[in-house]
Amino acid sequence: MSRRLDTVESLTNTAVGITLAYAVNLWVLPMIGVATTPSSALGITAIFVVVSTARSYVLRRLFRRIGA
């Protein structure tokens with residue numbers, strides 16, 4: 001796969017994960033005693049989105065290099 005396609009795949013995967021992460025941060029965290037608001041849930045989600053996207057892309061490129 002090309003770098004562009006790797007990036008598109010990684011961003012698509014992350015976009016799907018954003019919805020799930022936001023829901024977990026907003027609804028599940030209060031169930032375990034962590035108070036959240038929509039804005040704090042969005043902030044937490046944004047941090048994890050950036051980390052997840054970077055991790056996915058770097059690991060994919062690393063494994064492609066090893067396999068080449």
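Please read all numbers here as calculations on a predicted model, not as lab measurements.
- Atoms CD1 and CZ, from I66 and R64 in turn, are 12.0 Å apart once rounded to the nearest 0.5 Å.
- A distance of 4.5 Å separates OG1 of T7 from OH of Y57, quoted to the nearest 0.5 Å.
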Just list the side-chain donor-acceptor pairs under 3.5 Å for residues 45-55, sequence neighbours left out, or say none.
residue : atom : partner : partner atom : Å
T45     : OG1  : N25     : ND2          : 2.9
T45     : OG1  : A41     : O            : 2.7
T53     : OG1  : T14     : OG1          : 3.1
T53     : OG1  : V49     : O            : 2.9

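- Residue T12 holds its OG1 atom at 9.0 Å from CG of L5, rounded to the nearest 0.5 Å.
- Cluster partners of W27 are Y22, L26, L42, counting Ile, Leu, Val, Met, Phe, Trp and Tyr whose side-chain heavy atoms approach within less than 4.5 Å, directly or via other members.
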